[in-house]
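These numbers were taken from a predicted model, which means no experiment stands behind them. Sequence positions, counted from 1, serve as the residue numbers for this chain.
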Amino acid sequence: MKFRVERDVLADAVAWAARNLPVRPSVPVLAGLLIEADDQGLVLSSFDYETSARATLQADVHDKGRALVSGRLLADICRSLPAKPVEMVLEGARVSLTCGSARFSLQTMPVEEYPTLPAMPESTGTVPSELFSHAVAQAVTAAGRDDMLPVLTGVRIEIDGSTISLLATDRFRLSQRELTWDPRTPDETLAALVPAKVLADTAKALTAGAEISIALSASGAGDGLIGFEGAGPGGMRRTTTRLLDGEFPKVRSLFPSEHLTLATVDKASLVESVKRVALVAERNTAVQLAFSDGVLTLDAGSGDEAQASESVEAVVTGDDLTTGFNPQFLLDGLTAIDQSTVQLAFTQASKPVVISGVTDDDSDPGFRYLLMPRRLLS
């Protein structure tokens, strides 16, 4: 195996393929990055039995061949190389890498022990890459991070014709993001539970091209796969991941159909006020929000401890209301909203708030964030 490739193209492809490599693999070869060179160019692959990644790129291939090397080490090396062409050569049990005056020699792993990557499911449809990346970034805001509750560490993707819904919850908050896409079959209905971290990393990394192809098996079962494919610098990028097993909570019913108190607030002003007032909030204590005609008052701290209070202009309709929220969770939801003005909708103080951006199109739910209240200190 011998090839020559541009440094930036190689570094990006290696970073893509190696991004999910396990730190402590169950089998040593799973820490490897598979390099395959042929007449079509270069293919870099990784697979840990859960998530696979594959990057294709153009390269000047002199000799065909395959080699398996430490993926993380190769990624570190590629990031540090000077801006010059890279040449890699397989010499016996080692791969030599040359870039300008920099030279590295890497020990190879047994290629024959490397597992076969799963096949990509048939494409279900396509979606604009920037739109999908942003929608996923909003949705994962509420995804759980507790591995003891694996179902809640996923994002539920629901496909209904030309609409994709993304849902995530960690039991204390809930996010919902809807967007339109171009399905292969107009009336198809599918659902899948995808690991939030893999989904977020993939969507963020596949924005070089105009669109992303989503491939989901019709079963949507826990042992199924979902695949994503899009353009990257110098070639295509493809990834698959195993779907999470388990029943995602039926969370749609948590969004109330009517509200007794509505507050419309400038988002930037509210975000800055929450940040300031939260400085005196003890760990795991709430920031209090009191809504009355024309004013939202924020308070934190109590007793002999530090205290803070600040008021923000608000258009409040309905009953006066006082409640409290985890300040970081509140900030997470506010900052995920695109619009400059937000609406906080309540049924009562002890029930969740629904936060959304104020738009001219009331029929488009876009992004909605539901947050459970916290008990206020007396």
Side-chain angles (χ1 to χ4, degrees), residues 1-22 29-48 51-120 129 201-213 227-240:
M1 181 186 75
K2 181 178 180 180
F3 62 85
R4 190 176 179 87
V5 63
E6 291 300 317
R7 179 263 182 192
D8 289 348
V9 171
L10 178 65
D12 184 88
V14 170
W16 158 263
R19 74 194 193 284
N20 288 319
L21 285 174
V29 294
L30 296 184
L33 186 73
L34 182 63
I35 305 171
E36 300 174 282
D38 59 24
D39 294 336
Q40 304 302 314
L42 203 60
V43 179
L44 307 177
S45 307
S46 65
F47 184 40
D48 64 355
T51 301
S52 75
R54 181 183 178 95
T56 61
L57 57 154
Q58 295 297 315
D60 184 8
V61 178
H62 297 280
D63 296 315
K64 302 177 185 178
R66 306 168 74 218
L68 186 66
V69 300
S70 169
R72 291 184 181 276
L73 177 57
L74 182 59
D76 290 342
I77 290 172
C78 289
R79 279 195 298 268
S80 70
L81 293 175
K84 296 181 179 181
V86 179
E87 183 176 274
M88 295 184 70
V89 182
L90 176 61
E91 300 172 333
R94 304 188 73 85
V95 168
S96 66
L97 183 154
T98 304
C99 182
S101 61
R103 298 177 183 275
F104 294 86
S105 179
L106 305 180
Q107 180 68 41
T108 63
M109 305 176 191
V111 174
E112 62 275 7
E113 295 181 11
Y114 199 70
T116 302
L117 269 68
M120 187 84 163
S129 59
D201 290 346
T202 299
K204 183 178 180 181
L206 288 179
T207 55
E211 62 183 25
I212 295 174
S213 174
F228 302 92
E229 185 174 30
M236 296 300 292
R237 305 285 185 266
R238 175 185 293 181
T239 190
T240 66

Side-chain donor-acceptor pairs under 3.5 Å in residues 75-89, sequence neighbours left out?
{"residue": "Asp76", "atom": "OD1", "partner": "Arg79", "partner atom": "NH2", "Å": "2.2"}
{"residue": "Ser80", "atom": "OG", "partner": "Ile77", "partner atom": "O", "Å": "2.8"}

The single option from Val69, Leu30, Leu68 that satisfies side chain to side chain contact (heavy atoms under 4.5 Å, CB included) with Met109 is Leu68
Show your working on side chain to side chain contact (heavy atoms under 4.5 Å, CB included) between Ser129 and Ile212 and close with a plain yes or no.
CA-CA 5 Å; Ser129 59; Ile212 295 174; 3.7 Å; yes
With a cut-off of 3.5 Å and sequence neighbours excluded, list every side-chain donor-acceptor pair involving residues 57-67.
{"residue": "Lys64", "atom": "NZ", "partner": "Asp39", "partner atom": "OD2", "Å": "3.2"}
{"residue": "Arg66", "atom": "NE", "partner": "Glu36", "partner atom": "OE2", "Å": "3.3"}

Ala37 and Met1 have their tightest heavy-atom pair at CB-CG, 3.9 Å
Atom pairs and distances, donor-acceptor, side-chain atoms in residues 10-21, under 3.5 Å, two or more places apart:
{"residue": "Asp12", "atom": "OD2", "partner": "Arg237", "partner atom": "NH2", "Å": "2.9"}
{"residue": "Trp16", "atom": "NE1", "partner": "Arg54", "partner atom": "O", "Å": "3.4"}
{"residue": "Arg19", "atom": "NH1", "partner": "Trp16", "partner atom": "O", "Å": "2.9"}
{"residue": "Arg19", "atom": "NH2", "partner": "Thr202", "partner atom": "OG1", "Å": "3.0"}

The reported gap from CG in Leu33 to CG in Leu44 (rounded to nearest 0.5 angstrom) is 5.5 Å
Sequence neighbours excluded, the answer for side-chain contact (heavy atoms from CB on, under 4.5 Å) partners of Met120 is Ala215, Glu229, Arg238, Thr240
- Which is it for Glu91 and Ser96 under the side chain to side chain contact (heavy atoms under 4.5 Å, CB included) test, yes or no, and what are the steps along the way? CA-CA 7 Å; Glu91 300 172 333; Ser96 66; 3.8 Å; yes
- Query: Within a strict 4.5 Å, meaning less than it, do heavy atoms of the Ile35 and Leu74 side chains meet?
  - Reply: yes
By side chain to side chain donor-acceptor pair (under 3.5 Å), Thr108 pairs with (sequence neighbours left out) none
For Ala231 and Ala208 the tightest heavy-atom approach is O-CB, 3.3 Å
In short, Tyr114 meets Val29 closest at the heavy-atom pair CE1-O, 3.3 Å
**Item:** Side-chain (Thr98) to main-chain (Arg103) donor-acceptor, under 3.5 angstrom
**Value:** no
Residues at least two apart in sequence or cross-chain that pass ring pair (Phe, Tyr, Trp, His ring centres under 6.0 Å) with Phe47, listed by chain then number, are Tyr49
query = Between Thr56 and Met236, is there a donor-acceptor pair closer than 3.5 Å when you use the side chain of the first and the backbone of the second?
reply = yes
Thr207 meets the side chain to side chain donor-acceptor pair (under 3.5 Å) criterion, sequence neighbours left out, with none
Sorted by chain and residue number, the side-chain contact (heavy atoms from CB on, under 4.5 Å) partners of Gln107 (sequence neighbours excluded) come out as Ala93, Arg94
Distance col, row Leu106:CG vs Leu73:CG, nearest 0.5 angstrom, shows 5.5 Å
The reported gap from CG in Leu117 to OG in Ser52 (rounded to nearest 0.5 angstrom) is 4.5 Å
